[in-house]
Amino acid sequence: MRNFNRFRRPGAVSMMAGLLALAAALTACTSSSAGSAGAASTTAPSSVALKHGGTLRVGIVSLSSADALDPAMVSTEGGYATATQLFDTLDEYGTTGKVTMRLAQSMVAAGSAKTWIVTLRKAKWSNGKPVTAADLIYTIKRILDPKDPLPPASSIPFISLGGMTAINSRTVKFELKYPTVDFVDAFTSPTMSIVPQGFNPKKPIGSGPFVLASDDPGTEITFTANKDYWNAPQPYVQKLELISFPNSTAQVNALTGGQIDAASSIDPSLVRVVKAAGAGYFVYAYPTTSTLTWQMNVSIAPFNNPLVREALRLAVNREQLVSLVYDGYATVGNDIFSPTDEGYNKTLPQRSQDIAKAKQLLVQAGYPHGLTVQLTAAPIYPTANLQNEVLVQQAKAAGFNIEFRQVDEATYYGSGYGTYPLSLSFWGDLSIFDQAAFTIVKGAPYNATHWQDSAYDALYDQAVRTVGTTARIALVHKMQQIEYDSGAYVVADFMDNITAYASDVGGQLPYPNTDGASGYYFASMGFKS
């Protein structure tokens with residue numbers, strides 16, 4: 001598992017769409033109206049020839065004075081965007097959402113999942129010195145410092161400080177405390193970026209595509225191209241500027257006003273605004289693993305009854321939700337997480353709205369006249385409020401009287417988190433094992449549902465120790481079958497990432513399991529030749 005702060009969405013703004021017309025819209029909208037607007041608007045600009053040079057100006061919501069230049073300390077959107085420019089992780093969730101190598105040339109289990117061999121590619125730090133095995137060991141020792149461990153330490157509890165050995169200048173052998181295939185996934189987060197020996201956060205040296213030029217915390221961060229970057233011909237631009245905006249509307253206004261070249265991760269409601277601005281702009285959208293999921297608390301009534309949990313899942317019209325809330329820029333979910341993970345169980349029947357069966361289940365559960373339940377949520381994402389309002393309306397037909405209690409984000413994530421009967425949280429950018437470790441298995445730190453299953457836990461423990469892909473996937477499928485049958489999450493959709501660009505910008509790539517526009521990998525982008 002990795003730093004939880006990565007998966008909260010700070011500074012969210014409310015949707016532009018008016019909620020007063022929601023009931024009428026729900027009545028008028030049918031499942032057939034949910035289309036593939038996101039797919040239709042997605043182009044393939046990465047295939048366009050790019051020239052070197054120029055300044056790429058990217059709008060982000062929102063840079064913060066808390067953005068850290070130490071990758072191990074980042075917990076904000078701006079911090080992750082910054083870390084991705086200055087540093088490299090060993091591996092990443094690539095353009096298919098699956099793990100691919102980055103600074104590591106290879107990460108291989110040696111016989112079992114307890115011993116791993118990591119070989120670094122030939123790379124240099126931005127000061128011209130080579131990246132070495134000693135730097136990798138230093139990075140991990142810095143994070144796991146017994147006297148002052150850094151936040152990512154919770155991501156690598158299986159690494160032993162005495163279990164790392166440099167075999168040669170670019171290869172490290174890891175003898176873990178216990179076997180786990182989660183070793184590879186743990187290094188994908190920017191918080192696990194590799195830094196050189198003697199790293200000084202005030203003057204950050206990294207192996208990433210850019211070098212820090214200036215930092216005005218909360219306002220603008222400027223970078224210049226790293227001439228020694230290992231992944232030539234990237235970066236294409238000579239200069240990169242990350243500029244803060246309070247919300248997506250301000251971003252889009254700046255884009256169409258010529259003040260920026262890209263508006264990162266905009267609201268679905270603004271796509272029409274970009275398209276209306278003419279041929280000088282386009283939208284690049286792709287599916288992701290990010291989801292706003294409803295959490296049913298099984299420790300209290302009514303969701304301590306599995307029949308009620310199933311009834312709520314069947315009350316949701318997922319296709320309609322995708323259409324109304326996301327204008328088609330989302331895909332339907334099936335109550336399990338991580339759709340790009342190689343272990344995702346695609347054989348499970350797609351759950352769809354069934355009002356008659358939902359009503360029948362409530363009768364069996366002892367609620368022949370329906371029930372009332374409170375939904376507590378905050379505007380943690382631009383679409384959050386509208387998604388909750390849609391649920392309120394859809395679930396009425398099945399007998400759920402849902403009272404939507406909106407609170408601010410600080411209150412939501414405060415002492416009451418995990419006590420609400422029904423709530424909405426943002427999750428994404430996680431493997432199935434990470435998601436389980438954070439939210440499902442015994443001892444998970446953020447299990448707001450309190451759902452536990454001993455058979456699920458046993459399968460998880462076996463799966464994370466299984467190196468063979470086929471055998472491991474078979475175990476994961478059984479895990480997800482249990483979660484699908486009796487779990488406590490309503491995963492109704494997965495959101496697209498939507499970014500607007502000036503028409504002369506190319507090189508965008510999809511990163512479905514990484515936060516931010518194109519995973520914040522702006523090195524691949526440049527201006528068309």
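Everything quoted here is computed from the prediction, not taken from an experiment.
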(message) As an exercise, state the distance from CG of N497 to OG1 of T288, rounded to the nearest 0.5 Å.
(response) 7.0 Å
(request) Identify the two heavy atoms, one from D429 and one from Y93, that lie closest to each other, and give their separation to 0.1 Å. (result) O-CE1, 4.1 Å
(request) Kindly state whether the ring of Y284 and the ring of F282 have centres lying under 6.0 angstrom apart. (result) no
(message) Keeping R57 on the side-chain end and Q259 on the backbone end, is there a donor-acceptor pair under 3.5 Å?
(response) yes
(request) Compare all side-chain heavy atoms of Y286 with those of L509 and state whether any distance is below 4.5 angstrom. (result) no
(message) I need the minimum non-hydrogen distance between Y511 and E92, along with the two atoms involved.
(response) OH-OE2, 3.7 Å
(message) We want to know whether S431 and D341 form a side-chain donor-acceptor pair, criterion being a heavy-atom distance below 3.5 angstrom.
(response) no
(request) Please step through side-chain contact (heavy atoms from CB on, under 4.5 Å) for the pair L69 and T82, ending with a clear verdict. (result) CA-CA 7 Å; L69 295 177; T82 299; 3.9 Å; yes
(message) Quick check on the 6.0 Å ring-centre criterion: do F438 and F337 meet it?
(response) no
(message) Donor-acceptor check, side chain of T291 to backbone of W427, threshold 3.5 angstrom: yes or no?
(response) no
(message) Taking side chain to side chain contact (heavy atoms under 4.5 Å, CB included) as the criterion, tell me which of T499, I498, V252 meets it with V274.
(response) V252
(message) Just to verify, which of F158, F183, F187, F174 counts as forming a ring pair (Phe, Tyr, Trp, His ring centres under 6.0 Å) with W116?
(response) F183
(request) Check the pair L270, T249 against side-chain contact (heavy atoms from CB on, under 4.5 Å), reporting the backbone distance first and the verdict last. (result) CA-CA 7 Å; L270 293 171; T249 301; 4.1 Å; yes
(request) Indicate the atoms forming the closest heavy-atom contact of S248 with S265, along with that distance. (result) OG-O, 3.8 Å
(message) Using 0.5 Å steps for rounding, measure from the CD atom of Q251 to the CD1 atom of I266.
(response) 7.5 Å
(message) Quick one: does any side-chain atom of Y326 pair with a main-chain N or O of F494 as donor and acceptor, under 3.5 Å?
(response) no
(request) Taking the side chain as every heavy atom from C-beta outward, state whether I260 and F245 have any atom pair closer than 4.5 Å. (result) yes
(request) Evaluate the criterion side-chain contact (heavy atoms from CB on, under 4.5 Å) for residue pair L324 and E389; output intermediate values, then yes/no. (result) CA-CA 11 Å; L324 283 176; E389 293 287 348; over 6 Å; no
(request) Check whether NZ of the Lys or CZ of the Arg R102 lies under 6.0 Å from the centre of the six-membered ring of Y521 and within 45 degrees of that ring's axis. (result) yes
(message) How long is the straight-line distance from CG of L430 back to OG of S338, given to the nearest 0.5 Å?
(response) 6.5 Å
(request) Please check if atom NZ in K227 has more than 12 non-hydrogen atoms from other residues, nucleotides or ligands closer than 6.0 Å. (result) no
(message) Taking the side chain as everything from C-beta on, heavy atoms only, tell me whether P151 gets closer than 4.5 Å to T191.
(response) no
(request) State whether the side chain of S529 and the backbone N or O of A49 hold a donor-acceptor pair below 3.5 Å, judged by distance alone. (result) yes
(message) Within the 4.5 Å heavy-atom criterion, are L90 and L120 side-chain neighbours or not?
(response) yes
(request) Spell out, as yes or no, whether a donor-acceptor pair under 3.5 Å connects the side chain of S244 to the backbone of L63. (result) yes
(message) Determine whether a donor-acceptor pair (N or O, by modelled atom type, separation under 3.5 Å) exists between the side chain of T188 and the backbone of D91.
(response) no
(message) Less than 4.5 Å apart, side chain to side chain, heavy atoms only: is that true for S518 and M525?
(response) yes
(request) For residues L212 and L86, report the shortest heavy-atom separation together with the two atoms involved. (result) N-CD2, 3.4 Å
(message) Between N226 and G208 (side chain of the first, backbone of the second, donor and acceptor by atom type, cut-off under 3.5 Å), is there such a pair?
(response) yes
(request) Go through Y520 and V58 one step at a time and tell me if the side-chain contact (heavy atoms from CB on, under 4.5 Å) criterion holds. (result) CA-CA 10 Å; Y520 296 130; V58 180; over 6 Å; no
(message) Less than 4.5 Å apart, side chain to side chain, heavy atoms only: is that true for T119 and S106?
(response) yes
(message) Measuring only between side-chain heavy atoms, which start at C-beta, is T89 closer than 4.5 Å to S193?
(response) yes
(message) Just verifying a value: how many Å separate H477 NE2 and L348 CG, rounded to the nearest 0.5 Å?
(response) 8.0 Å
(request) Considering non-hydrogen atoms only, spot the tightest contact between D135 and Q197 and give its length. (result) OD1-N, 3.0 Å
(request) Let me know which of Y138, F87, W125 forms a ring pair (Phe, Tyr, Trp, His ring centres under 6.0 Å) with F199. (result) F87
(message) Quick test of your reading of the model: are D504 and K51 salt-bridged, counting only N-O distances below 4.0 Å?
(response) no
(message) Nearest 0.5 angstrom please: L255 CG to S264 OG, how far?
(response) 11.5 Å
(message) So E77 and V61, do their side chains get closer than 4.5 Å, heavy atoms only?
(response) no
(message) Please determine whether side-chain hydrogen bond (donor to acceptor under 3.5 Å, both in side chains) holds for the pair S207 and D88, giving the CA-CA distance in whole Å, both sets of side-chain angles, and the decisive distance to 0.1 Å.
(response) CA-CA 6 Å; S207 64; D88 270 312; 3.3 Å; yes
(request) Locate the shortest heavy-atom distance separating L292 from M495; write the atom from each residue and the value. (result) N-CE, 4.0 Å
(message) Between F522 and F223 (judged by ring centroids, cut-off 6.0 Å), do the two rings come close enough to count as a pair?
(response) no
(request) Output the distance between atom CG (N253) and atom CG (N247), rounded to the nearest 0.5 Å. (result) 8.5 Å
(request) State whether the side chain of Q350 and the backbone N or O of G333 hold a donor-acceptor pair below 3.5 Å, judged by distance alone. (result) yes
(message) Tell me if a side-chain donor or acceptor on R351 pairs with a main-chain N or O of Y484 at a distance below 3.5 Å.
(response) yes
(message) Using a 3.5 Å distance criterion without hydrogens, assess whether the side chain of Y236 forms a donor-acceptor pair with backbone atoms of K528.
(response) no
